[in-house]
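Chain letters run A, B, ... following the sequence lines, proteins first, then strands; residues in each count from 1.
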Number of protein chains: 2
Amino acid sequence: MMARAGLTPERLAREGAEMADEVGFENVTASALARRFDVKVASLYSHVRSSRDLRTRIALLALEEMADRASEAVAGRAGKDALGALANVYRDYAREHPGRYEAAQLRLDPETAAASAGVRHARTTRAILRGYELDEPDQTHAVRLLGSVFHGYVTLEMGGGFSHSAPDTQETWSRTIDALDALLRNWPAA
Amino acid sequence: MMARAGLTPERLAREGAEMADEVGFENVTASALARRFDVKVASLYSHVRSSRDLRTRIALLALEEMADRASEAVAGRAGKDALGALANVYRDYAREHPGRYEAAQLRLDPETAAASAGVRHARTTRAILRGYELDEPDQTHAVRLLGSVFHGYVTLEMGGGFSHSAPDTQETWSRTIDALDALLRNWPAA
DNA sequence: ACTTCTCCCTAAAGCCTTTAGGCAAGTCCC
DNA sequence: GGGACTTGCCTAAAGGCTTTAGGGAGAAGT
């Protein structure tokens with residue numbers, strides 16, 4: 001009588017990601033997702049272990065997508081060009097997929113994080129620094145700084161932290177990339 | 001028979017903040033807080049409008065505390081000294097009060113944000129730039145950059161984003177401050 | 001066709017939020 | 001001091017989310 005809905009962990013994660021962008025990651029609940037599939041809540045629990053598990057899968061999907069975009073953006077570019085391209089991956093992804101971007105910030109336990117696309121993404125960030133002359137350990141410091149700036153900026157902008165003031169954020173964004181490029185070319189000695 | 005518990009919005013927020021540091025901000029629920037006061041849940045609703053209201057009050061309290069620390073740290077310092085002091089306010093506050101720091105990241109609606117201590121904090125950040133020679137609009141860009149770096153760094157560090165790699169994060173933190181100082185002294189022209 | 005398995009269902013318990021209405025301890029005024 | 005009012009916490013109840021246990025009906029293999 002009832003046709004099977006064809007649930008799988010992957011489909012749940014994909015639809016959950018879609019939903020996150022529409023209603024915010026914190027509103028992606030097992031109940032709401034079940035409603036979206038026109039299925040009873042309990043049915044989800046054959047496919048995901050828990051609500052937490054569901055959210056983790058959405059986070060991993062988002063990390064994967066960002067890592068894909070990052071490696072594509074950086075391929076064939078170097079120096080400031082590459083830097084700007086990577087920066088824009090963060091910003092654009094967060095704008096196009098705010099719910100997924102939130103999801104990507106979910107705290108993962110260490111093993112899950114180590115197995116995630118986050119690692120690949122970190123390698124991409126490091127690759128950008130090949131265009132600048134930095135040796136270890138400064139290279140690591142710089143990777144961390146870039147991650148901080150991109151993530152921090154996008155978070156604050158999404159949260160409206162910059163919203164009520166001139167000049168506009170696009171201008172700040174370009175100048176931030178200029179500034180980071182200048183900094184990397186002129187990295188202060190320890 | 002039952003002595004009055006003496007609930008007030010302020011006491012609820014303070015205890016909620018305490019609780020956030022102990023069990024994480026996302027676990028601060030009206031129910032749990034009521035248990036802590038040995039009071040029935042419904043009683044809280046005479047003092048706060050909703051669970052959301054409670055969380056907002058905790059966020060405002062945290063913003064207030066951070067703004068206080070920031071202005072105290074910056075007073076009587078200038079240049080890199082001031083920069084480092086402000087940076088450490090973020091890091092130390094997040095370490096001492098992780099739950100409160102999370103709370104401070106709660107998205108507030110624009111009016112609430114405008115009336116919060118966040119505004120005072122932003123002025124403090126701007127004050128630091130008096131030690132560097134930056135005119136508008138670069139000053140605003142720089143304020144945003146500093147906010148991004150501090151917030152981004154602390155978030156990533158708290159989330160374990162840097163945890164599994166050498167060199168240690170203290171070293172990165174000092175070098176980040178060095179780098180920001182160098183950048184501000186040598187801000188690239190548009 | 002019959003067995004077996006898979007997938008979604010019903011049922012139920014536990015916790016959280018929020019509202020409505022009640023009772024008693026504190027406060028005020030005579 | 002005693003009555004009337006106010007305040008503050010309570011009980012009751014409805015509705016939503018999570019999670020587990022067990023059942024039934026379609027799909028798949030022989």
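- Distances shown here put a side-chain N or O of A/S43 below 4.0 Å from the OP1 or OP2 atom of C/dC9.
- Candidate nucleotides D/dT18, C/dT18, D/dC9 were compared by shortest atom distance to the side chain of A/T29, and D/dT18 ranks first.
- With respect to the salt-bridge test (charged N to carboxylate O, under 4.0 angstrom), the residues B/E18 and B/R36 do not qualify.
- Distance CG (B/L44) to P (C/dT19): 13 Å, rounded to an integer number of Å.
- Phosphate contact (OP1/OP2 of D/dC17, side-chain N/O of A/S51, threshold under 4.0 Å): absent.
- For the pair A/F37 CZ and C/dC7 C1', the interatomic distance rounds to 14 Å; values are reported in whole Å.
- For the pair A/Y45 OH and C/dC9 P, the computed distance is 15 Å after rounding to whole Å.
- Going from atom NZ of A/K40 over to atom P of D/dC17 covers 12 Å, rounded to whole Å.
- Which of C/dC9, D/dC9, C/dT17 sits closest to the side chain of B/H47 comes down to D/dC9.
- Residue A/R52 is classed as having no contact, given no heavy-atom separation below 4.0 Å to the nucleic acid.
- Separating the CG atom of A/N27 from the C1' atom of D/dG16 is a distance of 13 Å, rounded to the nearest angstrom.
- With salt bridges taken as basic N to acidic carboxylate O contacts below 4.0 Å, none links B/R69 and B/D92.
- Atom P of nucleotide D/dT20 and atom CG of A/D53 are separated by 11 Å, given to the nearest angstrom.
- Phosphate contact (OP1/OP2 of D/dC17, side-chain N/O of A/R35, threshold under 4.0 Å): present.
- For the pair A/R91 and A/F150, the cation does not sit on the ring face, since its NZ or CZ is not both under 6.0 Å from the ring centre and inside 45° of the axis.
- Nearest nucleotide to the A/A42 side chain, out of C/dA11, C/dC8, D/dC10: C/dA11.
- Comment: B/E136 engages B/R126 in a salt bridge, judged by a side-chain N to carboxylate O separation of less than 4.0 angstrom.
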